[in-house]
Amino acid sequence: MNSSLKILFVSSESIPFAKTGGLADVSGSLSKALSGMGHDVRVVMPYYERVKKGGFDLEKVSANVKHWFSGKLFGFDVLENRSGSLKTYFIRNDKYFSRKGLYGTSFREYPDNAVRFSFFSKAVLAAIEAIDFIPDIIHCNDWQTALIPLYLKNDLEGKMPYKDIKTLFTIHNLAYQGVFNRIFRQFIGLPARLFLSEGIEFYGQLNYMKAGIFFADAISTVSRKYAKEILIPEFGCGLEGLLKTRADEISGIPNGVDYSKWSPDTDGFIKKSFSPDDLSGKKECKIDLLDRVGLKFDVNRPVMGYVGRLAHQKGIELIAKIAEKVVGMETALIILGSGEEVYVDMLKKIQEKFSDNVRVVIGFNDELAHKIEAGCDLFMMPSRYEPCGLNQMYSIRYGTIPVVRATGGLDDVIIDVDENPAEGNGFKFTAPDETAFFEAVKRAIVMYNEGDTWKKLMRRAMLCDFSWDRSAKEYVKLYGKILSRCEGRGARDDS
Ligand code: ADP
């Protein structure tokens, strides 16, 4: 096998072009790391309105590429961005993608998401010829790209030239499966012979994630612990049975951090740089953060942060439940997030009640996210489940000690300092309730009050290395393993 691989990396979001969460960080950083290792990597994503408005340097490389979709010929353009050796392609079809949101508005998902991402998946395969790049492997990510393995392995129009290209399907979050009413089968032109429980059918509906898991040559997920967790009902979201049948082909490869973006010695968003050797700048970052969110608070007392989606997964109600006791320990809370109304209301009430100690900022704000990572002392991640999680890795880099629930990637990355004083980089709790969470927060605040022990903990945490290099090497090893296997996953035939 040639040591340099041709990798088509397909994702519905990627930094710096469009981001709603961790998937974009992973897509942008992993593709960059793979490209930096000398592999020929091409990223493909939709051309959203925010890409159009982002001022990126884009060149149209193909116009009106035709592909069969839902029994008709459709056209799309392909635009290209170059960043060093990495090329990112954008599939442009304004009817489906020129919208404000990626997947919906703050109130609801777009009702035609089944069609939009089925169109995208088919268009990616049609784009292979247009960009003149036949990959060794197509790396698909989450449900939005999960139909690619199905389309590859089941030659719907009888002229699929790429049947032998191998696929890796990465699950970034099993809870979001792309489940749609069966009526969409006709809209996406999926023949009845493929509407099978050995494939896309799931309790009478279409389940895109299920199709990806079924038809891909191999599956991966984003931490070692989550790779095991998804095999049991508590985390398997109904797909644990299918996943168990493929358990030998599931790998857990942890996400990494792009330290060119997330490091306190180079971060352009923060007030003053700092490092393990010179922590003095962190105090200025803390003062700047308090000022930015309008909190008049003693800079010598601990400030706890949260950045992320406001969703059930993230255990937001646990933060709300312990807020009073935390504030009672002369601690401030700064929360940045967007998401479900119920959590927005819950957090706003906490802010009203404890206005001297709590600030809640609703919205997506990259700059403030960096300021929170740099300016806080502690970072809260009481997630119910966390496939990998990035903020715990960002936090330790900034000496902002995480308090996390021991699940998925949080459990893999964080070592509890009370259990292992020599190697600890944070605080962990297990039971998904406020008593366990508060006990862990209390241990953290007690240690913060000890001064010198805290500084040692900060320095140790800051020196942990979760750069992409290690994970990218693991992906290359996995691609090699997939390619060296003689037989791929079989297609459904007409019989
Ligand atoms: P998930 O992918 O489940 O949302 P991760 O921890 O893997 O969670 O990644 C979330 C990423 O999105 C992080 O980079 C985080 O800083 C960022 N993020 C989430 N919400 C916001 C927000 N409201 N403003 C700025 N950045 C955010």
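Each ligand, and each atom within it, is numbered from 1 in the order the structure gives. Bear in mind the structure is a predicted one, so any value in this text is a computation, not a measurement.
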Is the Lys NZ or Arg CZ of Lys210 less than 6.0 Å from the centre of Phe202's six-membered ring, within 45° of the axis? no

Qualifying ring-ring contact (aromatic ring centres under 6.0 Å, His included) pairs, either residue in residues 372-400, two or more places apart: Trp262-Tyr394

Arg116: what forms a side chain to side chain contact (heavy atoms under 4.5 Å, CB included) with it, not counting sequence neighbours? Tyr48, Tyr96, Phe97, Arg99, Tyr110, Asp112, Asn113

Between ligand 1 and the protein, which N/O pairs are shorter than 3.5 Å?
residue  : atom   : partner : partner atom : Å
ligand 1 : 2 (O)  : Gly22   : N            : 2.8
ligand 1 : 3 (O)  : Arg309  : NH2          : 2.7
ligand 1 : 3 (O)  : Lys314  : NZ           : 2.9
ligand 1 : 4 (O)  : Arg309  : NE           : 2.8
ligand 1 : 6 (O)  : Leu390  : N            : 3.0
ligand 1 : 8 (O)  : Lys314  : NZ           : 3.2
ligand 1 : 9 (O)  : Gly22   : N            : 3.3
ligand 1 : 14 (O) : Lys19   : NZ           : 3.0
ligand 1 : 14 (O) : Asp25   : OD2          : 2.7
ligand 1 : 16 (O) : Asn391  : OD1          : 3.3
ligand 1 : 23 (N) : Gly363  : O            : 2.7
ligand 1 : 24 (N) : Asn365  : N            : 3.0

Looking only at side chains, do Ser121 and Tyr208 share a donor and an acceptor under 3.5 Å apart? no

Pairs where residues 223-257 contributes a residue and the test ring-ring contact (aromatic ring centres under 6.0 Å, His included) is met, not counting sequence neighbours: none

Determine, stepwise, if the pair Ile15 / Lys261 fulfils side-chain contact (heavy atoms from CB on, under 4.5 Å). CA-CA 11 Å; Ile15 54 163; Lys261 299 201 165 57; 4.2 Å; yes

